[in-house]
J.: 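One structure coming up, written as structure tokens, with questions to follow.
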Amino acid sequence: MDANNFDCIVLGAGIQGSYTAYHLAKKKKKTLLVEQFVLPHSRGSSHGHTRIIRKAYEQDYYTRMMSECYQLWAQLEKEANVQIYRNTGMLVVGKEDCSAFRSLRGTLLRNNVPMEVLSPEQFASRFPSVRLPPGESAVIDKTAGVLHADRALKAVQDLFCGLGGVIHDGEKVVDFTPGSPITMTTNSGMYRAQSLVITAGPWAKSVLARTGLQLPLQVLRINVCYWKERIPGTYGIGRHFPCFIGVKQHGAKHDIYGLPSNEYPGLMKICYHSGSETEPDERDRQTSQEDIAILSSFVSKSFPGLDPTPAVVEQCMYTVTPDSDFILDQHPSHSNIIIGAGFSGHGFKLAPVVGKILCELALGKTPSFDLSPFRITRFQSLLKSAL
């Protein structure tokens with residue numbers, strides 16, 4: 001086979017694309033993974049030290065997918081000989097009259113996920129450094145914890161290369177021509193493949209526009225905030241403090257989530273699950289502090305052991321769909337172009353199964369999971385196509 005001919009090209013080497021490429025290489029497919037930035041980089045959605053892993057979801061289909069994700073993360077740890085997952089448990093706090101909180105608790109119960117319901121008295125005894133607002137309830141997802149994100153991404157990419165996969169970083173797509181094979185041109189070369197998987201994160205919308213497909217994707221700039229402990233270790237992973245999600249607490253429109261202090265000593269990561277709309281190539285021009293103001297108020301009310309002014313603020317991007325569910329599907333006009341997009345700020349933990357599904361679609365196999373929640377056709381009234 002010619003050096004520039006492949007069974008499959010994967011465009012975008014974030015966690016979703018890298019896991020897709022890894023699954024394809026395990027299937028003995030000659031695979032090229034193309035990334036516009038030199039690796040590693042912090043311009044997309046897969047960088048950073050940590051992510052939450054959990055089975056607590058409002059929708060059963062994510063909880064079911066997570067069962068296999070835990071197995072595949074463990075398999076990755078074994079193959080790469082590196083620790084990626086650390087169990088901490090996760091507090092979920094919300095009002096009893098909040099439908100999202102009730103749905104999330106119901107999903108844990110229906111799927112027999114190890115969990116614990118805390119009374120206000122139990123909460124106060126277990127977590128004296130956190131204030132539970134009056135009228136709010138708390139449950140613990142005992143399966144939840146922390147994923148070491150940078151470590152996970154490198155492990156997947158290294159294993160992909162070890163399986164014979166090829167990574168071309170620092171290459172930006174100039175053009176591609178649908179067909180069989182697909183021809184893709186970058187600023188460094190021309191490549192052909194029987195199938196193309198597009199996992200371009202915040203750039204997915206502009207990349208897909210080249211095929212005449214306009215998806216309803218919105219890119220948000222996210223402030224990733226770290227808050228200083230007044231007494232170091234109060235909320236530390238070493239003291240078994242859990243991750244948490246506050247479901248629309250204190251009147252916030254979106255959830256607030258946090259991870260125990262670990263990656264930066266004495267600093268706890270607490271973030272707002274939304275941000276300001278931006279363009280991926282111009283995200284640094286977006287300087288809105290609205291989410292930080294919401295977080296400062298939340299921290300002062302709920303975490304008295306933290307300074308309510310962030311000590312460190314970093315950035316990443318979400319690419320969100322109108323319903324916050326993923327897009328995992330074939331291109332409506334080109335069945336050998338596969339789309340993985342719109343991970344809406346909650347995709348990292350699900351990457352092992354997402355990659356498996358995208359691999360199956362690229363090979364023309366029946367997907368392992370029901371993809372009806374993830375099909376492009378659910379946006380029929382919003383789709384714009386020039387095909």
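On a predicted model such as this, the values are computed, not experimentally measured, just so you know.
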J.: Is any side-chain heavy atom of Gln315 closer than 4.5 Å to a side-chain heavy atom of Ile222?
T.: no

J.: So, for Ser18 and Leu33, which heavy atoms are closest and what is the spacing to 0.1 Å?
T.: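 Residues Ser18 and Leu33, closest heavy atoms: OG-CD2, 3.9 Å.
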
J.: Tell me whether Thr199 contacts the main-chain N or O of Thr20 through its side chain, where contact means a donor paired with an acceptor under 3.5 Å.
T.: no

J.: If only atom types and distance count, is the side chain of Ser119 paired as donor or acceptor with the main-chain N or O of Gln122 below 3.5 Å?
T.: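 Yes, the answer is positive, given that a donor and an acceptor are paired below the 3.5 Å cut-off.
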
J.: Mind listing the closest non-hydrogen atom pair of Met317 and Thr278 along with its distance?
T.: SD-CG2, 4.4 Å

J.: Is the shortest distance from a Lys or Arg side-chain nitrogen in Glu96 or Arg105 to a carboxylate oxygen in the other one below 4.0 Å?
T.: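 Yes, charged N to carboxylate O under 4.0 Å.
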
J.: Give a yes or no on whether the backbone of Glu171 and the side-chain of Asn187 come within a donor-acceptor separation of less than 3.5 Å.
T.: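 No; zero donor-acceptor contacts below 3.5 Å.
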
J.: Applying ring pair (Phe, Tyr, Trp, His ring centres under 6.0 Å), name anything that partners Tyr19, two or more places apart in sequence or on another chain.
T.: Tyr22, His23, Trp73

J.: Can His273 and Ile256 be said to form a side-chain contact (heavy atoms from CB on, under 4.5 Å), step by step?
T.: CA-CA 6 Å; His273 194 53; Ile256 294 172; over 6 Å; no

J.: With a 3.5 Å distance limit and no angle check, can you tell me whether Ser344 reaches the backbone of Gly342 through a side-chain donor-acceptor pair?
T.: yes

J.: Give a yes or no on whether the backbone of Asn5 and the side-chain of Lys30 come within a donor-acceptor separation of less than 3.5 Å.
T.: yes

J.: By the salt bridge (Lys or Arg N to Asp or Glu O under 4.0 Å) test, which pairs, at least two apart or in different chains, include something from residues 55-73?
T.: Asp60-Arg110, Glu68-Lys356

J.: Return the CG to CZ distance between Leu32 and Arg192, rounded to the nearest 0.5 Å.
T.: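 Atom-to-atom, Leu32:CG and Arg192:CZ are 12.0 Å apart.
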
J.: Between the main-chain N or O of Tyr85 and the side-chain N or O of Gln83, is there a donor-acceptor pair closer than 3.5 Å?
T.: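 Checked: pair present.
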
J.: Between Asn336 and Leu196, is a side-chain contact (heavy atoms from CB on, under 4.5 Å) present by the stated rule, with each step listed?
T.: CA-CA 6 Å; Asn336 60 345; Leu196 170 68; over 6 Å; no

J.: For Ile182 and Ile9, run side-chain contact (heavy atoms from CB on, under 4.5 Å): C-alpha distance rounded to whole Å, both residues' side-chain angles, the deciding distance at 0.1 Å, then the answer.
T.: CA-CA 9 Å; Ile182 294 165; Ile9 297 171; over 6 Å; no

J.: Taking all non-hydrogen atoms of both residues into account, name the closest pair between Arg230 and Pro304 and its distance.
T.: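 Closest approach of Arg230 to Pro304: NE-O, 3.0 Å.
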
J.: Using every non-hydrogen atom in the two residues, find where Thr319 and Gly201 come nearest and quote the distance to one decimal.
T.: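 Closest heavy-atom pair between Thr319 and Gly201: OG1-C, 3.4 Å.
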
J.: For residues Trp203 and Val174: do they belong to one hydrophobic cluster (side chain heavy atoms under 4.5 Å, members Ile, Leu, Val, Met, Phe, Trp, Tyr)?
T.: no

J.: Grab the two heavy atoms, one from Ile84 and one from Ala155, that are nearest each other, plus how far apart they are.
T.: CD1-CB, 4.4 Å

J.: Report the C-alpha distance between Phe298 and Trp227 in whole Å, list the side-chain angles of each, state the deciding distance to 0.1 Å, and finish with yes or no for ring-ring contact (aromatic ring centres under 6.0 Å, His included).
T.: CA-CA 12 Å; Phe298 169 81; Trp227 310 77; 9.0 Å; no

J.: Using the side-chain contact (heavy atoms from CB on, under 4.5 Å) rule, take Met190 and Thr183 through it: C-alpha gap first, then chi angles, then the decisive distance, then the call.
T.: CA-CA 7 Å; Met190 181 182 291; Thr183 301; 3.6 Å; yes

J.: Check whether Ile292 and Ile270 end up in the same hydrophobic cluster, where Ile, Leu, Val, Met, Phe, Trp and Tyr are linked by side-chain heavy atoms less than 4.5 Å apart.
T.: no

J.: Do you know the tightest heavy-atom contact between Cys359 and Leu24?
T.: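 Scanning both residues, the minimum pair turns out to be SG-CD2, 3.7 Å.
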
J.: Any chance you could lay out the side-chain hydrogen bond (donor to acceptor under 3.5 Å, both in side chains) test for His331 and Thr211, step after step, and finish with the verdict?
T.: CA-CA 9 Å; His331 191 290; Thr211 70; 2.8 Å; yes

J.: Per the salt bridge (Lys or Arg N to Asp or Glu O under 4.0 Å) rule, what does the pair list look like for residues 303-329, sequence neighbours excluded?
T.: Asp323-Arg378, Asp329-Arg375

J.: Please check: side-chain N/O of Gln36 versus main-chain N/O of Gly170, any donor-acceptor pairing under 3.5 Å?
T.: no

J.: Before you tell me yes or no, could you show the steps for Tyr318 and His346 under ring-ring contact (aromatic ring centres under 6.0 Å, His included), namely the whole-Å CA-CA distance, both residues' side-chain angles and the distance that decides it to 0.1 Å?
T.: CA-CA 9 Å; Tyr318 287 1; His346 65 105; 8.9 Å; no

J.: With sequence neighbours excluded, what pairs up with Tyr235 under the ring pair (Phe, Tyr, Trp, His ring centres under 6.0 Å) test?
T.: Phe241, Phe303

J.: Keeping the roles fixed (side chain from Asp370, backbone from Ser372), state whether a donor-acceptor pair exists under 3.5 Å.
T.: yes

J.: Given 3.5 Å as the limit, does a donor-acceptor pair link the side chain of Arg51 with the main chain of Val146, or not?
T.: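 Absent.
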
J.: Does any pair with a residue in residues 72-89 pass salt bridge (Lys or Arg N to Asp or Glu O under 4.0 Å), and if so which ones, sequence neighbours excluded?
T.: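 Listed once each, the pairs are Lys26-Glu79.
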
J.: Identify the residue among Phe374, Phe369, Phe326 that makes a ring-ring contact (aromatic ring centres under 6.0 Å, His included) with Tyr61.
T.: Phe374

J.: Among all residues two or more places apart in sequence or in another chain, which pass the salt bridge (Lys or Arg N to Asp or Glu O under 4.0 Å) test with Lys154?
T.: Asp158

J.: Donor-acceptor pair, distance only, cut-off 3.5 Å: does the side chain of Glu136 make one with the backbone of Val93?
T.: no

